[in-house]
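Okay, structure first, notes after.
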Amino acid sequence: MRSETLSVPGATLYYEVRGAGPLLLLIPGGGGDAGVFDDMADVLAQHFTVAALDPRGYSRSTLDDGKPAAQHVAVQSDDAYRLLVHLSDGPALVCGTSSGAIVGLDLLARHPDRVRSLVAHEPPCFAVLPDAAVHSAMVDEIYTLFQQEGAAAAGARFLAGIGPAAMKPAPEVSRLSPRAAEMWIRLAANGPLMIEHELREFTAYVPDYAALARVRDRLVLAVGQQTRGCLPYRPAVEIASRIGLEVVEFPGAHNGIRTDADEFARQLIQILSLR
């Protein structure tokens, strides 16, 4: 594996590359970084050149002015586009999870010439749902809790709001390898930034249905088998219905890329190979 950086407008992106074969870009969810894909990437690297990035402002991807700033879907999408152009002369495979799936949807809509296939795993586009107002109010409540009581209270409200089965428990950090433990330290620092600067905009994102419908043969809307009945499952179903697709279930819950990494990776390999 090699680690590199790429300068983009207003930031320097950190990314990691391993493996050989067609380029596959992995985009983590809100507050995540390239490390969340480690276990999955080891399997994928047997078939693809796997690139994973830290989104700007998180972990090792720094903002030029050094100050936390509001995160925007279009900006992160542009970052992903610039990374793809940097790494490849042609279209690439892309897989994004959670907020990274939202970035992937925007990337596919804006730059279809750069995306061979996109697997968008549980994009939390709460605004597309019939009861969007309820979830918007929940997100506002989470933000207010963060401002008044801190990240722990806000995080607890978020987990309650998306459903108790939506996320499998985090591991005991003391039992992890040094690299994995370092990642969890980074994620703990990223969490408050995500709540303050990303959660409201990303959950309010509505995809460009017309643009996606034109390239729906390149799109897989994925959901977790164990997320059924929970909020993160629903937006992908709604988006799929709008553009004439069916969702595809993947192993695990909303954090299946980590908790069910091997099975998730093998299903991703199968789907991307078929497409």
Side-chain angles (χ1 to χ4, degrees), residues 1-6 12-29 31-56 58-61 76 79-101 103-104 107-108 114-122 168 171 176-187 190 218-220 222 224-225 248-275:
M1 183 185 74
R2 72 179 194 272
S3 303
E4 298 187 8
T5 59
L6 175 68
T12 299
L13 300 179
Y14 171 92
Y15 64 96
E16 298 173 344
V17 181
R18 68 191 93 186
L23 178 62
L24 169 59
L25 175 63
L26 303 178
I27 308 175
D33 68 23
V36 302
F37 293 111
D38 273 359
D39 292 341
M40 197 168 83
D42 286 341
V43 179
L44 295 171
Q46 300 172 38
H47 302 266
F48 307 105
T49 298
V50 180
L53 81 159
D54 295 1
R56 63 166 56 211
Y58 293 119
S59 296
R60 299 152 293 190
S61 286
Q76 287 198 22
D79 288 345
Y81 167 73
R82 291 173 184 272
L83 182 56
L84 288 179
V85 170
H86 176 68
L87 293 174
S88 176
D89 293 330
L93 305 166
V94 180
C95 176
T97 186
S98 194
S99 292
V103 174
L107 174 67
L108 177 60
R114 281 288 166 180
V115 181
R116 183 187 302 179
S117 289
L118 165 67
V119 175
H121 178 251
E122 296 198 338
K168 289 186 178 180
L176 300 176
S177 69
R179 176 175 165 87
E182 289 173 5
M183 180 198 72
W184 280 98
I185 292 171
R186 295 194 305 268
L187 299 191
N190 291 345
R218 303 183 213 172
L219 175 59
V220 175
Q225 292 172 346
V248 177
E249 288 193 337
F250 271 66
H254 190 61
N255 53 352
I257 60 158
R258 286 191 291 100
T259 63
D260 298 79
D262 188 76
E263 295 84 355
F264 194 108
R266 296 193 185 284
Q267 182 162 340
L268 184 59
I269 291 166
Q270 181 182 28
I271 286 176
L272 293 178
S273 297
L274 289 173
R275 299 175 73 87

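Because the structure is predicted, anything quoted here is derived from the model rather than measured.
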Item to complete: Indicate yes or no for a side-chain donor-acceptor contact from S177 to the backbone of A180 under 3.5 Å, with no hydrogens or angles considered.
Response: yes

Worksheet item: Between G21 and T49, what is the shortest heavy-atom contact and its length?
Response: O-OG1, 2.8 Å

Worksheet item: Taking D54 for the side chain and A34 for the main chain, is one N or O donor matched with an acceptor at less than 3.5 Å?
Response: yes

Worksheet item: Between CD of E4 and CG of L83, what distance do you get to the nearest 0.5 Å?
Response: 10.0 Å

Worksheet item: Regarding Y15 and T5, is there a side-chain donor-to-acceptor distance under 3.5 Å anywhere?
Response: no

Worksheet item: For the residue pair V50 and A41, what are the closest heavy atoms and their distance?
Response: CG1-CB, 4.0 Å

Worksheet item: For the atom pair CZ (F250) and OG1 (T97), what is the distance rounded to the nearest 0.5 Å?
Response: 10.0 Å

Worksheet item: Taking atom CE of M40 and atom CG of D260, what is their separation to the nearest 0.5 Å?
Response: 11.5 Å

Practice prompt. Measure from the side-chain N and O atoms of R114 to the backbone N and O of S88, and report whether any donor-acceptor pair falls under 3.5 Å.
Written response: yes

Fill in: Side-chain touch D39/R258, heavy atoms, less than 4.5 angstrom
no

Worksheet item: Step by step, would you call R18 with D38 a salt bridge (Lys or Arg N to Asp or Glu O under 4.0 Å)?
Response: CA-CA 10 Å; R18 68 191 93 186; D38 273 359; 3.1 Å; yes

Item to complete: Any chance you could lay out the side-chain contact (heavy atoms from CB on, under 4.5 Å) test for Y14 and S59, step after step, and finish with the verdict?
Response: CA-CA 9 Å; Y14 171 92; S59 296; over 6 Å; no

Practice prompt. Please report the closest heavy-atom contact between A52 and F37, naming both atoms and the distance.
Written response: CB-CD1, 4.1 Å

Worksheet item: Which of these, L118, L44, V119, sits in a side chain to side chain contact (heavy atoms under 4.5 Å, CB included) with C95?
Response: V119

Practice prompt. Would you check, one step at a time, whether the test side-chain contact (heavy atoms from CB on, under 4.5 Å) holds for L25 with L53?
Written response: CA-CA 8 Å; L25 175 63; L53 81 159; 4.2 Å; yes

Worksheet, complete the sentence: Closest heavy-atom pair, P22 versus R116, reported as atoms and distance to 0.1 Å, is CB-NH1, 4.1 Å

Practice prompt. Side-chain contact test, heavy atoms from C-beta onward, threshold under 4.5 Å: evaluate it for P55 versus Y58 and give yes or no.
Written response: yes

Worksheet entry | Gap separating the CZ atom of R218 from the OG atom of S117, nearest 0.5 angstrom | 8.5 Å

Discussion item. For the CG atom of L107 and the OH atom of Y81, what is their distance to the nearest 0.5 Å?
Written reply: 9.5 Å

Item to complete: Start with the C-alpha gap between E182 and R60, add the side-chain angles, then the distance that decides, and say whether salt bridge (Lys or Arg N to Asp or Glu O under 4.0 Å) holds.
Response: CA-CA 12 Å; E182 289 173 5; R60 299 152 293 190; over 6 Å; no

Discussion item. Using side-chain heavy atoms (C-beta onward) and a distance below 4.5 Å, is S98 in contact with E122?
Written reply: no

Worksheet entry | Parallel, tilted or perpendicular, as decided by the 30° and 60° cut-offs, for the rings of H121 and H254 | parallel

Worksheet item: Does some side-chain heavy atom of L272 sit less than 4.5 Å from a side-chain heavy atom of L24?
Response: yes

Fill in: Stepwise side-chain contact (heavy atoms from CB on, under 4.5 Å) test for L84 and L23
CA-CA 9 Å; L84 288 179; L23 178 62; 4.0 Å; yes

Practice prompt. Output the distance between atom CG (N255) and atom NZ (K168), rounded to the nearest 0.5 Å.
Written response: 7.5 Å

Worksheet item: Under 3.5 Å, is there a donor-acceptor pair between the side chain of Q267 and the main chain of E249?
Response: yes

Worksheet item: Run the side-chain contact (heavy atoms from CB on, under 4.5 Å) check on L6 and T12 step by step: do they pass?
Response: CA-CA 6 Å; L6 175 68; T12 299; over 6 Å; no

Discussion item. Counting C-beta onward and ignoring hydrogens, is there a side-chain heavy-atom pair between V17 and M1 closer than 4.5 Å?
Written reply: no

